[in-house]
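As the structure is a prediction and not an experimental result, all values here were calculated from the model. Just so you know, these numbers use all the heavy atoms, side chains as well, and skip hydrogens, waters and symmetry mates. Protein chains get the first letters and strands the later ones, always in sequence-line order, with residue 1 at the start of each.
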Amino acid sequence: MDAKSVEKKWQARWEKSKLNEFDKKDTKKPKYYVLEMFSYPSGAKLHVGHWYNYGPTDSFARFKRMQGYNVFQPMGFDAFGLPAENYAIKTGVHPKDSTEKNIETMEGQLRAMGAMFDWSAEVKTCEENYYKWTQWMFLQLYKHGLAYRKEAPVNWCPSCSTVLANEQVKEGACERCGTQVVRKNLTQWFFKITDYAEELLTGLDDIDWPEKTKAMQRNWIGKSTGCEIEFDCESGDKIRVYTTRCDTVFGVSYVVLAPEHPLARKLATPAQAKAVEEYIDYAAKASEIDRLSTAREKTGVFTGSYCVNPVNGKRIPVYLADYVLASYGTGAVMAVPAHDERDFAFATKYGLPIVKTIEKKGGETELPFCEDGIVVGSIEFDGLFGEEARDAIAAHIAKLGKGGKKVNYRLRDWLVSRQRYWGAPIPVVHCPQCGAVPVPEEELPVRLPYDVEFKPDGKSPLAKHEKFMHTVCPNCGVEALRDPDTLDTFVCSSWYYLRYADPKNESAPFGRDSVDKMLPVDTYVGGAEHACMHLLYARFFTKALRDMGYLDFDEPFRRLVHQGVILGPDGNRMSKSHGNVVSPDEYVEKYGSDAFRLYLMFGFSYTEGGPWNDDGIKAIAKFMDRVEKTVLRAHACTGGKKEYGAEEKALDYARNFAVSRVTRDLEAFSFNTAIARIMEFLNALSKYDALPEKNVPLFRAAAKDLLLLLAPCAPHFCEELWEQTGGKGSVFEQSYPKEDPEKLVLDEKEYAVQVNSKIVCRAMLPANAANEEIEKCALALPEVQDRIGNQTVKKCVVVPGRLVNLIVG
RNA sequence: GCGGACGUGGCGAAAUUGGCAGACGCGUUGGACUUAGAAUCCAAUGGGCAACCUUGCAAGUUCAAAUCUUGUCGUCCGCACCA
C-alpha cells in the first residue's frame, strides 16, 4: 500500500465529512474530552516529542470514539512567550510575524499526522479574540480580591538594563552578556493562589492522576502545622517567627531575620548600622542561585538589638542571615542551635550559645539532634515527647498571648507581571489620583501594539510606546498611564481548555451551555515537567471561576497521563547543542505516518519513554504488510467447510483474548502491549490461514476484528483496508469489537506444579475444578510422585488456573 | 541536603499487582525458496556440558518476591537552607 497517497486521500475525506469534529448537536452519545497539552509554536519543525505526545493519544481518542463516545479532541497554540521576543531582539523579525508563520507550518505538520483534531475549535493565545478574555480573567480575579500588587524582586542585568527570567540566568550571570545579575524590587501583580492552598491540596485525593504528580503538588503546596511565636524587642518592635519545633523554644539562643525583612534596618543599632547595610547589600547582590545553594557558607550580621524569649524571659540577640528566606513563613526564625543543623553551623561560626533542650529516647544525644525526643530544661514541660510537647508548649504560648498553633504553606502567590512585549497586556490604568484602576470590561481588549522597540534598555518595551501608554483614567477621566507589563504566559494556558469548548464566542470567554456539556477534560496528556506550575495554575483558575459562578465543577482534568521523554540515541535529552536530534520527517517519508506512530507506540513504554533507536521500525512495516495480506486474503476467501472444530475454537479464543486485552491496554495507555496482543492475534490468523480447509465466515469475521482492533493505531491504513474489503462509511463509525466471554472459557488450563515451591512440571488440569481435586490431580502426576517419594503432604496451595504448590516433608 | 521514581537477556520491553520471569518484537544462528542477493517463510535463541544459576548488590517477611520491608550501590527527575 502506498502510504503517502492513502494518507492524503483519507485526510481529505475526513476533513470533508467533518469526521473529526465534535458533534455538539448529538445528545445521545456520552461526551469524551481528550486533551493534549497545546504546543508552543517554535521555529523548528514538529519533533519526535510532539509525535510521541499526540500520535498515541490520538489513537486513544479514536478508540474512545469507536467505543461509542462523542469525542472532542482539539488542538491549538500557546503562542505568547519569551523565545519569539528573543528571536526578535536577535534578528529583528517581529514576534507576531514569526509566530504566525510558525503556527502555519506546524498546523500543516499536525494535519499530516492524521490525528482527529477538531480544527474548528482551534485556539491561538496571541490572537485578540483570545487574549481579550485572558485580560477578562485578570479583571474577574481582581474584582474578587484575587489579584493584588506588591513589591517583589526580579533578576536584573545592569549591563543589558533588563529583567531576566530565571532561565536566562546562568550561574549567577546574564546569559547574554555575562554580567553579574542582581536582584531588584519592582511593584508587580500577583494572583492569590494561596487562598486556595488547602483546596488545591485536598482536591488531589479525588482525581485520577499519577501518584508521583500528586506527591509533587503536595510537596509544592507544602502544608505544615507549626507555631507562631512573638518575640518582643527592646525597641518595642515585635518579631513574629514561625517554627515547626516549638518544643525546642527553651533552647533559643538568638533570632534571625531575612535580610529583606521590614525590621532589618530598623533594628540596626547605630554601631551596627554600617555592617547591617553592607550585609543587606551583599545578600541582594548574591544571585538567587548562589543564595539558595547548600554549598554556600552560612553568613550573617548582628543587628545590635536584643529581644526577649517569651517563655523564659531570656535576653537574646537578633541577627540577619540570608539562610532565612523572606518568602517563607514570617521571614524570621528562632534559632535553636542544639536542634537544627543550620542554626548549629551558624552558632558555631559566630560563637553563640548552644543549649540542649531535647534528649534522645534511650540513647546518647549528639548535637545537633534534630529528631523528636524528650524535652529537658523546659520547666513544667520536661519529660514530654515530640507532638505531645509541641501541643503543650503551643497552648502555653497562646495563653501568654504570644502566638500559638499555625498552619503554614510553602506555596507562594503567583507573580504574573512580566516586563515583556510578547504577551497579553495587563488591563490596568495607573491614575495619579485613583491609583491602579482596572480597565472596564467593555473596553477590552487592551490591544498589544505592533510597532514597538524590543531592544532592551531598562524599560518594558510597552513603556516606550507613547500611544499605548497614554490614556485617561476610566474612573475620573484625568490623563493616566497604562500598566506597561504583560501577563505571564501561564495565565493564557490556565484556561485554554475552557475556550476550546466555545472558541468563537464574542460576548464571553465561553458559554455556560458549552462548558457544562463538554467539560471537564476526561483525559489530559502531557509532560511531567508541568506537574507544579501549569497543572496547579489551571486547577486554581477552575476553582476561582467556580466560586465566581462561571463553572460548576471543581477540577479541570479528571484523569492525567504523562508521556515519557524520547531521548536522543545517546541517552541525552534531544537538543541542538547535543547534536542528537532525531527528525520524524525522514521516517514518515519512508514508512508513512501510521507506521511511525505505530512504532512509537510499540517500541517504548508510553509513560517511560527512553533513548531513540529505530531497530524495530522495519518490523512494524512488515507487520502492517502481513495485516494487509491477511485481511485481503480473508476477504477473497470462498467455499471452505462449515464445521466448528478445535482449530476454529482456537482462533476464536485468540480473537476474543486479543479483543479483551487490547481494550484493557488501550484504556490504560499501555500501547506497547496492546499492539503485542494484536500481533499475537495476527499470528493466530496466519496459522489458521495456512489450513487447507477453513470456516470462511469465522475467518472473515476474525480478520474484520483484526482490522477494527488496529484501526485507532493505524488510522489511514485501516480506513483504506476497510474500504477495499467493502466496508461502508468510515471504519471509525464502526463499534470497537467486544469480547464474547464464552469464547474465553477453556476446559483445561496449564498449571505450574510445584513441590516445596520448586517447579516440577506443567500439567493441563480441569479449569473449574475445586482445589481438592486439583491437589489430587497434581499428586497423581508421575513427576510429582518421583519428587515426593514417601513424604507426606503437609499443605497445598492452589492458585486457580495458574499454579499448585505441594508442601511436603 | 530533601522528596519522587527507576535498575529485568546482546537490544526495546512484558509479567493478570505476591503466583510458571523474559509475552510481543529487534538482533543473532540454522534451514527452505532463489543463479545470486533483497524480500518472504520455517525453526532455535537468558546463562551453564550438567546438577543448577538468573530481575544492580546484601539481608528479611512468605508455601511463594522482579513485585512487600530494611540496608547498600548506581541512574534519572523535581525542589532547593521551608524554620
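For A:Lys298 against B:rC81, a side-chain-to-base donor-acceptor contact under 3.5 Å is present.
Spacing between B:rC82 and B:rC24 at atom C1', rounded to whole Å, works out to 48 Å. Rounded to whole Å, the separation between the C1' atoms of B:rC79 and B:rU67 comes to 29 Å. Atom name C1', nucleotides B:rA14 and B:rA21: the rounded distance is 10 Å, in whole Å. Spacing between B:rU70 and B:rA65 at atom C1', rounded to whole Å, works out to 15 Å. Straight-line distance between the P atoms of B:rC33 and B:rG27: roughly 23 Å, to the nearest whole Å.
Distance A:Lys758 NZ to B:rA64 C1': 13 Å, rounded to the nearest Å. Between the P atom of B:rA83 and the CD atom of A:Glu341 lies a distance of 13 Å, rounded to the nearest Å. Rounded to whole Å, atom P of B:rU62 lies 13 Å from atom CD1 of A:Ile807. Regarding A:Glu608, its CD atom lies at a distance of 12 Å from the C1' atom of B:rC77, rounded to whole Å. Taking atom NE2 of residue A:His261 and atom P of nucleotide B:rA83, one finds them 17 Å apart after rounding to whole Å. Atom CE in A:Met624 sits roughly 21 Å away from atom P in B:rC24 (whole-Å rounding). Rounded to an integer number of Å, the gap from CD1 of A:Ile675 to C1' of B:rA13 is 13 Å. Whole-Å rounding puts the A:Arg240 CZ to B:rA83 P distance at 18 Å.
When Watson-Crick and G-U wobble pairs are counted only if both distances are under 3.5 Å, B:rG1 pairs with B:rC79. Checking B:rU17 for Watson-Crick or G-U wobble geometry (two distances, each under 3.5 Å) identifies no partner in any strand. Using Watson-Crick or G-U wobble geometry with both donor-acceptor distances under 3.5 Å, B:rU69 finds its partner in B:rA59. Of all nucleotides present, none satisfies the Watson-Crick or G-U wobble test against B:rU35 with each distance under 3.5 Å. B:rC6: Watson-Crick or G-U partner is B:rG74, with both key distances under 3.5 Å. Across all strands shown, B:rA43 forms a Watson-Crick or G-U wobble pair, both distances under 3.5 Å, with B:rU29.
Where A:Asn672 and A:Glu750 each meet RNA chain B at their nearest nucleotide, the meeting point lying more 5' is that of A:Asn672. The 5' end of RNA chain B is approached more closely, in terms of each residue's nearest nucleotide, by A:Tyr606 than by the other of A:Val799 and A:Tyr606.
For A:Met216, counting side-chain heavy atoms from C-beta on, the closest listed nucleotide (B:rG25, B:rG78, B:rC79) is B:rG78. Listed candidates were B:rG19, B:rC79, B:rA83. Nearest to the side chain of A:Tyr242 is B:rA83. Of the candidates B:rG3, B:rG25, B:rG19, the closest approach to any side-chain atom of A:Leu803 belongs to B:rG19. Taking the side chain of A:Asn805 as heavy atoms from C-beta on, and the options B:rG25, B:rA13, B:rA64, the nearest nucleotide is B:rA64. With B:rA13, B:rG19, B:rG78 as the choices, the nucleotide that has an atom nearest any side-chain atom of A:Ser605 turns out to be B:rA13. Nearest to the side chain of A:Arg412, among B:rA83, B:rC63, B:rC82, sits B:rC82. The side chain of A:Lys622 approaches B:rU40 more closely than any other nucleotide in the set B:rU40, B:rA23, B:rG78. Comparing B:rC81, B:rG19, B:rA23 by their closest approach to the side chain of A:Thr673 singles out B:rA23.
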Stepwise side-chain hydrogen bond (donor to acceptor under 3.5 Å, both in side chains) check, A:Asp413 with A:Thr194: CA-CA 6 Å; A:Asp413 277 336; A:Thr194 50; 2.7 Å; yes

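Residue-level contact check: A:Asn408 touches neither bases nor backbone, having no heavy atom under 4.0 Å from any strand. Across all strands, A:Ala215 comes closer than 4.0 Å to no nucleic acid atom at all (heavy-atom distances). Residue-level contact check: A:Lys212 touches the backbone only, with heavy atoms under 4.0 Å from sugar-phosphate atoms and none from bases. Among the atoms of the strands shown, none is found under 4.0 Å from any heavy atom of A:Gly564. Residue contacts for A:Arg677: at a heavy-atom cut-off of 4.0 Å it reaches a base atom on one of the strands shown. Residue A:Arg626 is classed as a sugar-phosphate contact, given heavy-atom separations below 4.0 Å to backbone atoms only. Residue contacts for A:Phe602: at a heavy-atom cut-off of 4.0 Å it reaches a base atom on one of the strands shown. Nucleic acid contact class of A:Lys618 (heavy atoms, under 4.0 Å, all strands): none. At a threshold of 4.0 angstrom between heavy atoms, the contacts of A:Glu211 with the nucleic acid are absent.
Base orientation of B:rG47: anti, the glycosidic angle falling outside 90° of 0. Taking 90° from 0 as the syn/anti boundary, the base of B:rU34 is oriented anti.
Contacts of A:Asp205 classified as salt bridge (Lys or Arg N to Asp or Glu O under 4.0 Å), with partners at least two apart in sequence or in another chain: A:Arg218.
Look at A:Lys298 and A:Asp322 and you find no salt bridge, because none of the NZ, NE, NH1 or NH2 atoms lies under 4.0 Å from a carboxylate O. Checked for salt-bridge contact, A:Arg655 and A:Glu739 miss the test: no charged N lies under 4.0 Å from a carboxylate O.
In this model, the phosphate group of B:rC82 is approached by a side-chain N or O of A:Arg342 to a distance below 4.0 Å at OP1 or OP2. Close to B:rA64, at under 4.0 Å from its OP1 or OP2, lies no side-chain N or O of A:Asn756. For A:Tyr328, a side-chain nitrogen or oxygen approaches OP1 or OP2 of B:rA83 to under 4.0 Å. In this model, the phosphate group of B:rA83 is not approached by any side-chain N or O of A:Thr330 to a distance below 4.0 Å at OP1 or OP2.
Residue A:Lys214 qualifies as enclosed at atom NZ: its count of foreign heavy atoms under 6.0 Å is above 12.
In this pair, A:Phe657 and A:Tyr653 present their aromatic rings parallel. The plane angle is below 30°, not in the 30 to 60° band. Using the six-membered ring where Trp is involved, A:Phe302 and A:Tyr319 have ring planes that are tilted, between 30° and 60° apart.
Between A:Phe602 and A:Phe671, the distance from one ring center to the other does not fall under 6.0 angstrom.
At least one test fails for A:Arg539 against the ring of A:Trp220: distance under 6.0 Å to the centre or angle within 45° of the axis.
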